[in-house]
Amino acid sequence: AFGIPIMIPGDGYVDATLTDIKNTLKQKWISVRGLVHRIESGNIESVKKDLLLFRFRRASLKNLFNKEESFKTSNPLTNRLPKFVVKIIGRRCLYLIYWFLTKLTLQDVRLRKRENKSYTKLLNETSAKGFIYQYFKKLMNSLVFSYYTYKFGQPRYLVGLSLLTTLPVDDKPILDLACGGGHTMHYLTHRFNKQPVIGMDRSFTKLYLAKKFVAPTGNYFCAEADHTLPFEEGTFSGVFCSDAFGYFAYRKAAVFEMKRVLDQNGVIIITRILGEELKYYRNFRIVSFDQLKRYFKDRMNIILEQDHVLERYIQKKGPDLLNELPLKEMKHTGWLSIVASHRKDIFKVYGVFEEWPHAFGYLKLNPLYHETGRDENGNVTFTFRFPDNWYAYEDSQWKKYAPETVKISKDTLEAISKNIRTPEIDDLISKCVVVGMPKKYLPSDHLLQ
């Protein structure tokens, strides 16, 4: 469906849920065997809808008699009532009451109408931003909306780009493991345009977003990242994983699989690893400095602290893969990255970039900048604004390089819209006021909004 192979065993399940934290093989949501049966029966449209659309859980009497006790699925009653009340009344009775109330309020009918309306809008979207808005904001009402919409130029994204510049050009493909919506794939497919790049994720919807809007020249597979990967030994010259390792249920198995599918001289890069407990990241699994070292003790490796890599990037410099910082300095923010390989030549101090990695693609005004004024000469004042408090907390490092306000001339705005480089635009790129994006990422009237 949609040209994206699903590489999951028949008894497995495709992710179509609100959270990415739980293991999909235990969630039992969309059955792969059921998808195959419907495809063989010619019911392709229902398959596409199930794969693309987030569906709200329905109350069903079947759950009351399921041998696997799936009646324990959370519902508003069991979530809101005190535990002692739930224990006295019983989960089965509460679920029956919940099912009865959903019938009285026609909940199932309302949900189906909402989902069908959303599905039509998703298929008709012409930009990645519009798709992200319809799926993550309107349908799911999830904070993930901000994370995906405003990822280009994001501090953690720049850290990932910095480390990716160390990948040598090779004939073998690169694997972006747990690639999400394909933002890193956008960079990889531009820099390695003659080298195959493969993105893999458990979420079919995110892969659809990546393939249709963000990095259409990439190759995509829907599969679990922390299980046996559907590739032969030594397939890849590089394996990259960002913002996902802490969510893996089987991290040791994931590391083993990365090594197995990697060429003997390949490079593994994992970023955004939580090295110590932070207040607002209870669901993100901690991986200590020592544990990371043990995972890759069979090859040369270096652990880096996020702030240090970002500071060098702001200066237009690649990472320092030669000098590992003391552990105390790495604990400043808690976010770690690791680069591991048998190749000795990649472990060095990288100098100035020939081109800003975040400038690849079509030049666009960073959507975090909003128009706040115009003068009589047509110059426009833009102000930086975080989309929400959570994004501001997670990505406060934006303030290190993005100015609070900036004034841009009418001619420069026109040059940006035509993807023309000028000295003023180069300066704006250095501050991430202007960033490179896919052609279909923002609506065509973005500068007018």
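Index from 1, following the sequence.
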Inset, instruction - Give the C-alpha distance, both sets of side-chain angles, the deciding distance and a yes or no for side-chain contact (heavy atoms from CB on, under 4.5 Å) between Leu304 and Thr271. - result: CA-CA 9 Å; Leu304 306 106; Thr271 73; over 6 Å; no
Inset, instruction - Test Tyr220 against Ile198 for side-chain contact (heavy atoms from CB on, under 4.5 Å), laying out the working first. - result: CA-CA 6 Å; Tyr220 298 95; Ile198 294 175; over 6 Å; no
Inset, instruction - Go through the steps for Lys129 and Phe145 under the test side-chain contact (heavy atoms from CB on, under 4.5 Å), then give the verdict. - result: CA-CA 9 Å; Lys129 185 181 180 183; Phe145 160 73; 5.7 Å; no
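Taking Met7 as the reference, Pro5, Phe221, Ala223, Pro230 meet the side-chain contact (heavy atoms from CB on, under 4.5 Å) condition, with sequence neighbours excluded. Qualifying side chain to side chain donor-acceptor pair (under 3.5 Å) partners for Tyr441, counting only residues two or more places apart in sequence or in other chains: His183. With sequence neighbours excluded, the residues satisfying side chain to side chain donor-acceptor pair (under 3.5 Å) with Asp320 are Asn323. The side-chain contact (heavy atoms from CB on, under 4.5 Å) search around Ser237 returns Asp170, Lys172, Ile174, Gln195, not counting sequence neighbours. Residues satisfying the side-chain contact (heavy atoms from CB on, under 4.5 Å) criterion with Phe256, sequence neighbours excluded, are Arg260. Every side-chain contact (heavy atoms from CB on, under 4.5 Å) that Arg294 has, sequence neighbours left out, goes to Asp290, Gln291.
Judged by distance alone, the side chain of Glu324 and the main-chain N or O of Ile303 form a donor-acceptor pair under 3.5 Å.
Between Val47 and Arg38, the shortest heavy-atom distance links the atoms CG2-CB, 3.7 Å. When every heavy atom of Leu164 is checked against every heavy atom of Arg191, the shortest pair comes out as O-NH1, 2.8 Å.
You'll find the side chain of Leu52 reaches within 4.5 Å of the side chain of Leu123, heavy atoms only. Between Glu233 and Val261, the closest side-chain pair of non-hydrogen atoms is not below 4.5 Å. Residues Ser337 and Ile270 fail the side-chain proximity criterion, which asks for heavy atoms closer than 4.5 Å. Within the 4.5 Å cutoff, the side chain of Phe353 has heavy atoms near those of the Ser162 side chain.
By the 4.0 Å N-to-carboxylate-O rule, Glu311 lies close enough to Lys400 to be salt-bridged with it. Ion pair Asp226/Arg251 not flagged as a salt bridge, since none of the NZ, NE, NH1 or NH2 atoms sits closer than 4.0 Å to an Asp/Glu carboxylate oxygen. Of the charged side-chain nitrogens involved, at least one lies within less than 4.0 Å of a carboxylate oxygen, so that Asp298 and Lys259 count as a salt-bridged pair.
For Tyr135 and Tyr133, the distance between ring centers is not under 6.0 angstrom. Checked against the 6.0 Å centroid threshold, His227 and Tyr250 count as a close aromatic pair.
Atom CZ of residue Phe231 and atom CE of residue Met200 lie 6.0 Å apart, to the nearest 0.5 angstrom. Here Lys212 contributes atom NZ and Leu122 contributes atom CG; the two are 9.0 Å apart, rounded to the nearest 0.5 Å. For the atom pair Met300 CE and Leu321 CG, the distance stands at 10.0 Å (nearest 0.5 Å). The CG atom of Leu158 lies 5.0 Å from the SG atom of Cys432; values are rounded to the nearest 0.5 Å. In this structure, the separation between CG on Leu81 and CG on Leu94 is 6.0 Å, given to the nearest 0.5 Å. One finds the CG atom of Leu188 at 11.5 Å from the CG atom of Asn193 (value rounded to the nearest 0.5 Å).
More than 12 heavy atoms of other shown residues, nucleotides or ligands fall within 6.0 angstrom of atom NZ in Lys293. Residue His37 places its NE2 atom among 12 or fewer non-hydrogen atoms of other residues, nucleotides or ligands, all under 6.0 Å distant. Atom NZ of Lys113 is surrounded by 12 or fewer heavy atoms from other residues, nucleotides or ligands within 6.0 Å. The neighbour count for Tyr362 OH, taken as heavy atoms of other residues, nucleotides or ligands under 6.0 Å away, does not exceed 12. For NZ of Lys399, the number of neighbouring non-hydrogen atoms (other residues, nucleotides, ligands) closer than 6.0 Å is greater than 12.
Taking the six-membered ring for Trp and thresholds of 30 and 60 degrees, Phe204 and Phe2 have ring planes inclined between 30 and 60 degrees apart. Between Tyr295 and Phe245, the angle of the ring planes goes over 60°, which puts this pair in the perpendicular group of the 30/60° scheme.
Stacking of Lys194 on the aromatic ring of Phe192 is not recorded, the 6.0 Å distance cut-off and the 45° axial limit not both being met. With Trp335 as the aromatic partner, Arg156 does not meet the cation-pi criteria of under 6.0 angstrom to the ring centre and within 45 degrees of the ring axis.
Between His358 and the choices Tyr313, Phe152, Tyr157, Tyr401, the ring pair (Phe, Tyr, Trp, His ring centres under 6.0 Å) rule is met once, by Tyr313.
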